[in-house]
*Asks:* 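Let me give you the structure first, and then I'll get to my questions.
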Amino acid sequence: TASVGYKLASKHAVFAGFRYAGGLKFKGCDMQGLPTKDYKPYSWTIDLGYAYMLGGGFSAYAMGGMLFSHQSKNAVGASFTLGASYQNADLRVANKSASVMLDAKVGAIGPKLDFGSGNKNSLPTHAVLGATMTIDVSDKHQVATALSSRYYFLPEDSKTFMVGGGLEYTYNKLASVRVGYEYGDHNLSHVTMGAGIKYGSFRLNGAYLLRTADAGSSYFNVGIGYDF
């Protein structure tokens with residue numbers, strides 16, 4: 001993933017991003033169950049978004065995206081995300097400065113993708129609720145904990161619930177390491193581990209999600225961001 005953000009004024013911000021997902025391979029078979037060619041699905045999305053600060057720590061945001069998906073055939077579509085968040089950076093925990101952020105959104109809203117020949121697939125429309133707390137242990141040491149739940153209610157035959165949590169340690173507001181666990185229905189549980197670097201407005205993050213079931217998949221995420 002790659003993203004950029006720009007604050008227009010005290011209450012307005014815009015952002016743009018690019019997401020790519022791929023690297024998996026599935027063995028194909030015909031009607032008799034005989035092996036055919038391997039399939040390597042992938043997709044990419046271009047996102048544009050806007051956020052508005054409502055006041056009192058509350059914000060609302062909306063995002064729209066154009067997406068391309070390749071399975072055995074190609075499809076082009078659009079998706080939308082609507083959400084709201086709350087932030088409070090004036091907390092004290094064990095006499096240490098702390099901040100908290102709550103976020104709720106509904107994502108991947110949009111029409112079905114048409115792959116031709118009557119093959120239409122619903123987008124993975126989902127609802128997310130998450131919370132993060134960050135504590136400044138000292139001038140150079142910061143710890144954070146996060147909890148998040150996600151429910152995919154489309155497609156109808158693939159409804160999935162996921163919930164996870166993690167810990168993060170940051171040194172000198174520059175380098176971070178992370179570890180966590182995510183439970184998911186249908187063999188989608190993962191142990192997660194990652195690291196990140198933040199220098200000025202530039203952000204670079206990487207994460208590895210290790211499957212916990214033979215039927216699942218392990219994968220690696222990379223994210224690059226810049227805030228103007």
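Quantities reported herein were computed from a predicted structural model and do not represent experimental measurements. Just so it is clear, the values below take in all heavy atoms, side chains as well, and ignore hydrogens, waters and symmetry mates.
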*Asks:* Should Thr45 and Met66 be marked as a side chain to side chain contact (heavy atoms under 4.5 Å, CB included) after you check the CA-CA gap, both sets of side-chain angles, and the distance that decides it?
*Replies:* CA-CA 6 Å; Thr45 307; Met66 183 189 75; over 6 Å; no

*Asks:* Any chance the side chains of Asn88 and Tyr86 put a donor and an acceptor closer than 3.5 Å?
*Replies:*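 Yes, side-chain donor-acceptor contact under 3.5 Å.
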
*Asks:* Could you pull out the closest heavy-atom pair between Ser43 and Ser69, with the gap in Å?
*Replies:*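 For Ser43 versus Ser69, the nearest heavy atoms are CB-CA, 4.1 Å.
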
*Asks:* Got a donor-acceptor contact below 3.5 angstrom from the Ser85 side chain to the Leu102 backbone?
*Replies:*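 No; zero donor-acceptor contacts below 3.5 Å.
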
*Asks:* Classify the side-chain pair Ser176/Thr170 by whether it contains a donor and acceptor separated by less than 3.5 Å.
*Replies:*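 Yes, side-chain donor-acceptor contact under 3.5 Å.
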
*Asks:* Is it true that atom OH of Tyr208 has more than 12 heavy atoms of other residues, nucleotides or ligands lying nearer than 6.0 Å?
*Replies:*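 Counting neighbours around OH of Tyr208, more than 12 heavy atoms of other residues, nucleotides or ligands fall under 6.0 Å, so yes.
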
*Asks:* Assess the residue pair Leu209 and Phe220 against the criterion (side chain to side chain contact (heavy atoms under 4.5 Å, CB included)); give the C-alpha distance rounded to whole Å, side-chain angles, the decisive distance to 0.1 Å, and a yes or no.
*Replies:* CA-CA 6 Å; Leu209 287 79; Phe220 184 71; over 6 Å; no

*Asks:* Establish, from distance only, whether the side-chain atoms of Tyr183 and His190 form a donor-acceptor pair under 3.5 Å.
*Replies:*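 No.
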
*Asks:* Check the pair Leu91 / Val100 against side chain to side chain contact (heavy atoms under 4.5 Å, CB included), numbers first and verdict last.
*Replies:* CA-CA 8 Å; Leu91 298 177; Val100 67; 3.5 Å; yes

*Asks:* Quick check for you: to the nearest 0.5 Å, what is the distance between Thr1 atom OG1 and Tyr20 atom OH?
*Replies:*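 The distance works out to 13.5 Å.
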
*Asks:* Please round to the nearest 0.5 Å and tell me the distance separating atom CZ of Phe80 and atom CE of Met63.
*Replies:*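 The CZ atom of Phe80 sits 11.0 Å away from the CE atom of Met63.
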
*Asks:* Is a side-chain N or O of Asp114 found less than 3.5 angstrom from the main chain of Gly116, in a donor-acceptor match?
*Replies:*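 Yes; at least one donor-acceptor contact below 3.5 Å.
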
*Asks:* What do you reckon, is CG of Asp139 surrounded by more than 12 foreign heavy atoms closer than 6.0 Å?
*Replies:*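 It does not: Asp139 CG has 12 such atoms or fewer within range.
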
*Asks:* Any idea which heavy atoms bring Asp47 and Gly65 closest together, and the distance?
*Replies:*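 It is OD1-CA, 3.7 Å.
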
*Asks:* Examine the side chains of Asp185 and Tyr151 and answer whether a donor and an acceptor come within less than 3.5 Å of each other.
*Replies:*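 Side-chain D/A pair, Asp185 to Tyr151: absent.
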
*Asks:* I'd like to know if Asp227 pairs up with Arg203 as an ion pair, taking the criterion as any Lys NZ or Arg NE/NH1/NH2 lying under 4.0 Å from an Asp or Glu carboxylate oxygen.
*Replies:*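 Answer for the salt bridge query: yes.
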
*Asks:* Working to the nearest 0.5 angstrom, can you tell me the gap between Met162 CE and Ser149 OG?
*Replies:*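 Answer for the CE-OG pair, Met162 versus Ser149, is 11.0 Å.
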
*Asks:* Is there side-chain contact between Pro124 and Leu154, with heavy atoms separated by less than 4.5 Å?
*Replies:*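 Counting from C-beta outward, Pro124 and Leu154 never come under 4.5 Å.
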
*Asks:* Are His141 and Tyr171 an aromatic pair, judged by ring center distance below 6.0 Å?
*Replies:*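 Yes, ring centres under 6.0 Å apart.
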
*Asks:* Considering all heavy atoms of both residues, which atom of Ala75 and which atom of Leu113 are nearest to each other, and what is their separation?
*Replies:*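 Shortest heavy-atom contact: CB-CB, 4.0 Å.
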
*Asks:* For the side chain of Thr212 and the backbone of Ser189, is there at least one donor-acceptor N/O pair under 3.5 Å apart?
*Replies:*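 Pair found, side chain donor or acceptor close to backbone of Ser189.
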
*Asks:* Please name the pair of heavy atoms, one in Thr81 and one in Ala108, separated by the smallest distance, quoted to 0.1 Å.
*Replies:*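 Nearest heavy atoms, Thr81 then Ala108: OG1-N, 3.8 Å.
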
*Asks:* What pair of heavy atoms forms the shortest contact from Leu48 to Ala16, and how long is it?
*Replies:*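 Between these two residues, the closest heavy atoms are CD2-CB, 3.7 Å.
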
*Asks:* Examine distances only and state if a side-chain atom of Lys96 and a backbone atom of Ala98 form a donor-acceptor pair shorter than 3.5 Å.
*Replies:*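 Flag not set: sc Lys96 to bb Ala98 has no pair under 3.5 Å.
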
*Asks:* How long is the span from the NE2 atom in His70 to the NZ atom in Lys40, to the nearest 0.5 Å?
*Replies:*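 Taking NE2 in His70 and NZ in Lys40, the distance rounds to 10.0 Å.
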
*Asks:* To the nearest 0.5 Å, what is the distance between CG (Asn221) and CZ (Arg19)?
*Replies:*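 Those atoms lie 11.5 Å apart.
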
*Asks:* Any idea how Tyr42 and Phe68 line up, ring-wise: parallel (<30°), tilted (30 to 60°), or perpendicular (>60°)?
*Replies:*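 Ring orientation, 0 to 90° scale: tilted.
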
*Asks:* Could you check whether any side-chain N or O of Thr192 sits under 3.5 Å from a backbone N or O of Gly180, counting only pairs where one atom can act as donor and the other as acceptor?
*Replies:*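 Yes; at least one donor-acceptor contact below 3.5 Å.
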
*Asks:* Can you tell me if Arg211 uses its side chain to pair, donor with acceptor, with the backbone of Gly216 under 3.5 Å?
*Replies:*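 A pair under 3.5 Å: yes.
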
*Asks:* If you count the non-hydrogen atoms of other residues, nucleotides and ligands that lie under 6.0 Å from CE in Met53, is the total more than 12?
*Replies:*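 No, not enclosed.
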
*Asks:* Is the closest side-chain donor-acceptor distance between Arg178 and Asn205 under 3.5 Å?
*Replies:*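 Looking only at side-chain atoms, Asn205 and Arg178 do form a donor-acceptor pair, the distance falling under 3.5 Å.
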
*Asks:* Closest approach of Leu123 and Ile109, non-hydrogen atoms and distance?
*Replies:*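 Smallest interatomic distance, heavy atoms only, reads CD1-C, 4.1 Å.
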
*Asks:* Distance from Tyr50 atom OH to His12 atom NE2, nearest 0.5 Å?
*Replies:*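 Rounded to the nearest 0.5 Å, the OH-NE2 separation comes to 4.5 Å.
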
*Asks:* Just do the side chain to side chain contact (heavy atoms under 4.5 Å, CB included) check on Val137 and Tyr169 with the steps written out, would you?
*Replies:* CA-CA 10 Å; Val137 179; Tyr169 166 74; over 6 Å; no

